[in-house]
2 protein chains.
Amino acid sequence: MAKSIYFFGSGHADGDTTMKDLLGGKGAGLAEMTRLGIPVPPGFTITTEVCNGFYAAGSTIPQVVRDEAMAAMDRVAEIVGTRFGDPSSPLLVSVRSGARASMPGMMDTILNLGLNEVIVEGLAKKTQNPRFALDAFRRFIVTFSDVVLGVPKARFEHALHEARLDAAKRLGVDASRLNSAELERKVPDSQLDADALRGLVANQKKIVLEATGKPFPEDPWEQLWGAISAVFKSWLNQRAKVYRNMHDIPESWGTACNIQAMVFGNLSDTSGTGVAFTRDPSTGERRFYGEWLPNAQGEDVVAGVRTPHPVAKTGTVDDAHSLEVVFPKVYAELCAIYAKLEKHFRDMQDMEFTIQEGKLYLLQTRNGKRTGKAAVRIAVEMVKEGLISERDAVLRVDPASLDQLLHPSIDPTAPKRLLARGLPASPGAASGQIVFSADEAERRAGQGAAVILVRAETSPEDIHGMKAARGILTARGGMTSHAAVVARGMGKSCVAGCSSVHVHYETQTMTITEYDESGRPTGEVVLKAGDVITLDGGTGSVYLGSLPTVAAALSGEFGELMVMADKSRRLKIRTNGDTPDDARTARNFGAEGIGLCRTEHMFFSDERILAVREMIMADNVDARRRALAKLLPYQRGDFDGIFRQMAGLPVTIRLLDPPLHEFLPNEQFEELHGASEDKRAKARKYLEKLAAAIGVSVEDLEKKNRALAEANPMLGHRGCRLAVTFPEIYEMQARAILEAACDVAAAGITVLPEIMIPLSLTRRELELMKAIVDGAAAQVFAEKGRKVDYLFGTMIELPRAAIVANELAEVAEFFSFGTNDLTQTALGISRDDAGKFLGAYVEAGIFAKDPFQTLDTQGVGALIELAKDRGRATRAKLKLGICGEHGGDPASIDFCNKVGLDYVSCSPFRVPIARLAAAQAALRADGGAAGSTTA
Amino acid sequence: MAKSIYFFGSGHADGDTTMKDLLGGKGAGLAEMTRLGIPVPPGFTITTEVCNGFYAAGSTIPQVVRDEAMAAMDRVAEIVGTRFGDPSSPLLVSVRSGARASMPGMMDTILNLGLNEVIVEGLAKKTQNPRFALDAFRRFIVTFSDVVLGVPKARFEHALHEARLDAAKRLGVDASRLNSAELERKVPDSQLDADALRGLVANQKKIVLEATGKPFPEDPWEQLWGAISAVFKSWLNQRAKVYRNMHDIPESWGTACNIQAMVFGNLSDTSGTGVAFTRDPSTGERRFYGEWLPNAQGEDVVAGVRTPHPVAKTGTVDDAHSLEVVFPKVYAELCAIYAKLEKHFRDMQDMEFTIQEGKLYLLQTRNGKRTGKAAVRIAVEMVKEGLISERDAVLRVDPASLDQLLHPSIDPTAPKRLLARGLPASPGAASGQIVFSADEAERRAGQGAAVILVRAETSPEDIHGMKAARGILTARGGMTSHAAVVARGMGKSCVAGCSSVHVHYETQTMTITEYDESGRPTGEVVLKAGDVITLDGGTGSVYLGSLPTVAAALSGEFGELMVMADKSRRLKIRTNGDTPDDARTARNFGAEGIGLCRTEHMFFSDERILAVREMIMADNVDARRRALAKLLPYQRGDFDGIFRQMAGLPVTIRLLDPPLHEFLPNEQFEELHGASEDKRAKARKYLEKLAAAIGVSVEDLEKKNRALAEANPMLGHRGCRLAVTFPEIYEMQARAILEAACDVAAAGITVLPEIMIPLSLTRRELELMKAIVDGAAAQVFAEKGRKVDYLFGTMIELPRAAIVANELAEVAEFFSFGTNDLTQTALGISRDDAGKFLGAYVEAGIFAKDPFQTLDTQGVGALIELAKDRGRATRAKLKLGICGEHGGDPASIDFCNKVGLDYVSCSPFRVPIARLAAAQAALRADGGAAGSTTA
């Protein structure tokens, strides 16, 4: 068997920072710090291999590991000048888990291990501080019992409460009317004296005996083996599994276990503890930043009972308590260390330190977490400082974190009341008065009010209200619901599918059911029109009232990072955009073309929808053509604007895709047969007006509406199926595109239209579609006396299309993978309906991630590869892209890069994210899989 | 270039029956008959290769072909003793297309080619029959103009009408009040004398000149080249393309063209014409059967203006006119010929003959079309007669034709009025009074009435009514709608998705919109409850009134044929069946196991549905378990019955598949918010009763109903997704299956349960499902003190499952391809919604056939092969079957055989069809692809 245990201490370490796989991140970091001559309490790391052996051996620690651990413990004791289990000079240790990657959700740290009835008295004597020793013991008992013995922390609360009551009596505090929290404030733990703590310890031990049937283990070695076992077992607990699933961490990695001599920041007034960052983790500014507390333990800093002081002076009144002022020598030492560490690890460090009676110890250093803004600034500045390469800078910033920079966000320090949680449909924070109709949204917004549009679900008729609102909240619908798609396109905050919200249009109110952690309803909140809420579209949270938000601001560093990224990027980044506005926004963000322009959204505005409905009601080709002719100038105008905005860049336009039923006033039809007489009358009036405008009867309208309703519209009469039955629709659209292209080209602007057919299945189908488009082109070119080059291509969004891609490529000059629909069909999951079970699927580890957010590479990805191989076998230069939601997801972009697509297309506000992710993908592909966790 | 033209005549022929590819079926048949010494008018065949060259040469006939044709024409003339184009002794010819396979929809025959102004007078002189010559000429002009010159027949109708009016005047008939059809009856063509016909010819020629701008071609050779070109062009016309698509006939085959000397059955009273079969095409009886008309042309027999006489005596009064009596010598000659032909072609022949002035000519012989019943009898008897082998017999019967034998059918001779046409959802004929509710169906059926249940669509709550009815008609829903699936399972006639039917429950009526051929509505028929209609579920037709039906009767020959089939069959045939009744029916038809037992249909009967709803309403695991415990004994009872019926045979049971929403009373919820106060009250009462029985409120029920509604239920929370969120459902089902298995095994009966998981996607998902099933098994076996072997397997019905089949096979011991859902997802087509465009897709040649009836081998089939290869790579003995609708479709069965599946499963009434189709597939696979048209 290989070496089980790696020692570190006194400037020597068996391991180093390269050994993360074996020692975990924490263990490797401690070893490296020790090697660097930084004062670290000595200790040792049990390897991840032991962890894996532990399961194999039926959850037992092999004797050879125990022997090595005992030897290592002796070396630790020797350095510290104590002995483990020796009451006269006891060595206490901490036991911590530490996997290859940082992993919350695993075992809590156990501190002060090695104490028992006898040793605690020895420690009291040695430190001359019985209160300190007993406080350490009672905390140890609770943690150990919870983590190792399975006696939940909560079972010890009552004992502490009793001890506080006793102390209150002693202190003359009237505790009779205080609840538990109030009592804690009046009688903090520091007011529990040694006797009180001794009594508390005795009570805690009784609780353990009752709960487990066995006395609390007094043997320090037994404590140690128990703690080590608990660390290893925690690798397999549910929370850890879920986290691993979410972050693609293989179970086979295992965790290491770190045992380290305790140092105490709460031993005296010359002691203390703190946390420091080598740069500001919030802004990225290069300044030494941190907080500390004198005479305190690490958990005190975290708990927030005492307010910590700054480490370095900041020019405020609190500078008198800063470490820089209070312990200038320690501060200077810390500064030297931080500079050394940052230089060594070439990244911003997050350090934990403790001062024990004037002596500084570093307990941990790691790459510090930071905001997106800080990540960008630090990466770019470190390049300028010569600390890292541009490659490092590009690889170091999490693309997803850029989202914060691109949208306003809620001030993280603001107090908030969470009302509900829905789907994070479109990022950004927004506050405003709630309104329940698009018209009302427009009206109030017109008066200058900030409004949030709340709907059971939105329909295309709500678009003007969505435009007017700051944010959108819907009770129903998924990540590709109308509300979600439109809001993302507008870059507007949206929380969708918030099922605890019930909208009552009649009373202009909404009821929000609140739940406790276990999912039981605890109550209801009723909000009426005009009440104010705040949405966080990045997390799906809905808060009561108006919360302060932090505006988006793109720094100079952001632009510099993008320039660095673009140097290594191979994939082109396009945008999904339906309007000249979208095109402008995306181009500003660096989009290199439009990958998906959905023509249907152009059908909904007031003047157009009537012509669309007239077209739907037409019962013969001529009537349909007449209605379509009315739409033609609008469509041409749309394309004209987009082509001008995207001058010189390709624009992929998808012909009509949704089922025609979506264009009919379904709500009115429903109300026409509803129980409310008032609504019936209103709906009839609306429909009568509509019918008259089209020249049909309400009954005809209704018949058509019924005839077009579908059981599964997702799999229905849509996409190019519409043009197989009604070729004149695509004919008009092709004409509008090419007329606009000719006009814009005539103005000396380069236009590169790519006409795309949705939902194709067979070669013959595509041939028919191409005949329509080419026919329209020939006519337009003859009329305009000018030719414009265009490409003809297709979406690949059905499994069959991927399978016969070789045949489709005989007709299509490009493919665009519509991974939303391809995921829905390959997996047989309707995105709108998946909410009920997708969570359970991710939790049970059936899906590693939501396949609608991150591409299911094994299933959907296999179809994409198949289509690529077959398509390129037919047409070597076939242009390939992806235009589903996955086009803006970093892990999916990595896959697209690997497979060899030409571009990804995403919503305008995700373009920078995609640029960075594509650069990272290219760099990782160059450098092998080493840097990748998404393989 | 190869030989372009094959001559036949006077006992000599260049070609023979083996040369169908080159000469087409008709040409090869004429050559073969000539070789056999049978009197056939001489002629020649232009090859299919010339046809293909014709397109390649820009639709021109090469000079070398013209030269050969002219030489062949001389040989024909020599034999007949005439000359083509010689007015003194003119040769007239027929020109016919003739492809490799019989293909309706191609060019009409052109008769009497070679006539012009001059020649017609020569013919009149030679035959001494001017009327005959002119009649031939005027008919020739119309046909030639229509087929070759593109002047539609209809344009000549007025000229004929005028000629009849003239004749009427001459005959003293008052024609002033007669419409066109009445006039034709009063003045038949035979009343048009030579002068009248001469005038008609002149008028027809004027019409041609007006329409084409050119005079009618007088040059016989010009006529000939035009006719040949028209034959070749007709191969590419729309009707022919559609037919080829439907029958998998490659376009590359091309058609041959036959030119043959005319003989005339209408030359005198010693002439005549007829059609005869060597056996009775209706019953298969071995008797010479046919009809003839003296002094008539072939088209007179077909047109039905004159009633033909029998060929052989039949013991009726008409025997005096039989050919046997009138022309005994000719009859004897014909008998000798038919015996020779049948023996030679080893199949029942359908012959056309003409007698010209006492001399018999055979114009065509081909394998005769026959009813399913006749096909079976002829095949089996021919084996007994030593004429064909068992292999031939099995290959010769079209499996689809067995459907007629298995269900009652409408008497084909009965006059009928077609009201509407829907989907042929479940075969069989049924007549009865219409009723609009299941309760009413049960009530009237209880009183002895035959009823047809008419619903907008059926739901599981209608099952008792469906059982009571003779047939089911629905306005909505596809071939896999509830009505269709259940009806097929019951072997009951069903016409589904009949969109011209509108059901009005309030008034207890239905309105049927009638359409003309071009699809324009022509009127409405209103039927009320109690009115009688007849359904033909095999064609989807709905007729007014009660039509006589012919009962199903399985003959001894049927059984003999099945025995022959089973000898060569490789695929096992199972059935889809949910009840002991289904199992018994299918076993009687020869099913070798149950391939799909759907457990959900067991959930719907009165006592059970309440427990199901209670389970749905349960808000925690315990409550769910309590409700499920109530269902357990019912389910166990169902399985007990099925296991006993299928003793010794495998039974594959699929665990719960449909979304829970289907089990809630959706109709009542809809009515609860409908406009009708009366219905609202009724629905509320129903729901209040239900809510009380479950112990919840109506509001809770409604909330749940809303929460479970889905946008695309097909892709929603169903299949094993239900068990991922609610494992206790499958736990109960597994327990019920295995308890029943133990009980039945205890009775000494062999049980072979196969537990099948629907809609699986990943290995982990299947592992979770297997843990549930194995857990239940362990408990049941412990309780019962007995073990029963069972298999664990999965449906493969999602593209992703096919892709990761290697992983699924690590857990699953068998796969069953659910090709309904696999087709829906691979093609992205909801079967229920496909009606609006699938027809257009087949018509445009995008799909060769409806992919829900015949497997889309290129797309869905590719996924099946992939899954087979990957699955068997993991588990060599993986059992593979198919249980979608395709399991009963012969072409799909052929594919399943080729791919190497172990079995197909189909509805009970299709088991014999599947047995025969599987035998044919195996025989074709043995004998190479030669005999297959489904390659």
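Residue numbering restarts at 1 for every chain, and letters A, B, ... go by the order of the sequence lines.
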request  = For residues F837(B) and V724(A), determine if any side-chain heavy atom of one lies less than 4.5 Å from a side-chain heavy atom of the other.
outcome  = no
key: Choice from R800(B), R476(B), H673(B) maximising heavy atom contacts with chain A below 4.5 Å   = R800(B)
Residue E807(A) versus chain B: region with a heavy atom under 4.5 Å = side chain
Structural part of A709(A) lying under 4.5 Å from a heavy atom of chain B = backbone
key: Minimum heavy-atom distance between I803(A) and G859(B), given as atom pair plus value   = CD1-O, 3.6 Å
task = Going by the side-chain contact (heavy atoms from CB on, under 4.5 Å) test, name the single residue among L759(B), L761(B), T825(B) that passes it with I829(A).
result = L761(B)
ask   = Checking heavy atoms, do the side chain of A711(B), its backbone, both or neither come under 4.5 Å from chain A?
value = both
message = Sort by residue number and list every residue of residues 712-719 of chain B having at least one heavy atom under 4.5 Å from chain A.
response = N712(B), P713(B), M714(B), L715(B), G716(B), H717(B)
query = Does any heavy atom of chain A fall under 4.5 Å from the side chain of A707(B), the backbone, both, or neither of them?
reply = backbone
request  = Answer whether the closest heavy-atom distance between the side chains of F847(B) and E765(A) falls below 4.5 Å.
outcome  = no
query = So with a 6.0 Å cut-off around CD of E677(A), is the heavy-atom count from everything else above 12?
reply = no
Choice from D833(B), V860(B), L866(B), L672(B) maximising heavy atom contacts with chain A below 4.5 Å = D833(B)
message = Counting only non-hydrogen atoms closer than 4.5 Å, does L768(B) touch chain A with its backbone (N, CA, C, O), its side chain (CB onward), both, or neither?
response = side chain
message = Tell me if the CD atom of E670(A) is crowded by more than 12 foreign heavy atoms within 6.0 Å.
response = no
remark   = Assert top hit (heavy-atom pairs under 4.5 Å, partner chain B, pool D856(A), L863(A), T725(A)) equals D856(A)
remark   = Of the listed A834(B), P799(B), G839(B), the one with the largest count of heavy-atom pairs under 4.5 Å with chain A is P799(B)
key: Between E767(B), R680(B), H502(B), the one whose heavy-atom pairs under 4.5 Å with chain A are most numerous   = R680(B)
request  = Drop me the distance from L660(A)'s CG to K836(B)'s NZ, to the nearest 0.5 angstrom.
outcome  = 9.5 Å
remark   = For R721(A) and L827(B), the nearest pair of non-hydrogen atoms, with its separation, is NH2-O, 2.9 Å
